[in-house]
Amino acid sequence: MQGEVAAEAGLLETAERGRGAEDIAANAVALEDAYGLHLAGRNTSLSAARTRELLLGYLAAEIGRDLGQA
């Protein structure tokens, strides 16, 4: 997980809004992993499209930038 966090943090270096890029990246990796478990477990309350929307929404709110359909 530490390597994933470092990779995500590198992408967020310019996007600090109260929290450091490393904290935002760690949360993004944890959310991605958690959503992945829901999808792998065939949880019908969350679709792949919805989990993507939720993760991008979190990141957009944290960095103050619209990520669109990134």
Side-chain angles (χ1 to χ4, degrees):
M1 181 167 157
Q2 200 169 22
E4 290 178 74
V5 171
E8 297 276 350
L11 297 173
L12 298 168
E13 284 299 325
T14 61
E16 292 190 42
R17 282 185 8 151
R19 283 191 216 188
E22 191 170 320
D23 289 348
I24 295 169
N27 283 325
V29 169
L31 284 171
E32 182 181 36
D33 290 348
Y35 288 144
L37 290 173
H38 279 279
L39 294 173
R42 301 190 191 282
N43 180 340
T44 58
S45 68
L46 286 171
S47 68
R50 179 66 177 142
T51 59
R52 184 174 189 274
E53 180 183 308
L54 290 168
L55 184 57
L56 288 176
Y58 162 75
L59 289 172
E62 284 295 326
I63 66 173
R65 187 178 308 160
D66 181 18
L67 299 175
Q69 295 296 317

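For clarity, every value in this text was computed on a predicted model and none was experimentally measured.
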Among L37, D33, L31, which residue meets the side chain to side chain contact (heavy atoms under 4.5 Å, CB included) test with Y35?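 Exactly one pass, corresponding to L31.
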Would you kindly confirm whether L59 and L46 end up in one hydrophobic cluster when ILVMFWY residues are joined by side chain heavy atoms under 4.5 Å apart?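 As far as the 4.5 Å side-chain criterion goes, L46 and L59 are connected within one cluster.
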Are I63 and L54 connected, step by step, through hydrophobic side chains (Ile, Leu, Val, Met, Phe, Trp, Tyr) whose heavy atoms are closer than 4.5 Å?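 Cluster IDs for I63 and L54 match.
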Set of side-chain hydrogen bond (donor to acceptor under 3.5 Å, both in side chains) partners for T44, sequence neighbours left out: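 Here no residue qualifies.
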Sequence neighbours left out, what pairs pass salt bridge (Lys or Arg N to Asp or Glu O under 4.0 Å) with at least one residue falling in residues 34-51?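 Checked against salt bridge (Lys or Arg N to Asp or Glu O under 4.0 Å) - neighbours excluded - the pairs reaching residues 34-51 are R50-E53.
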Residues E32, L55; criterion side chain to side chain contact (heavy atoms under 4.5 Å, CB included); working and verdict: CA-CA 7 Å; E32 182 181 36; L55 184 57; 4.2 Å; yes
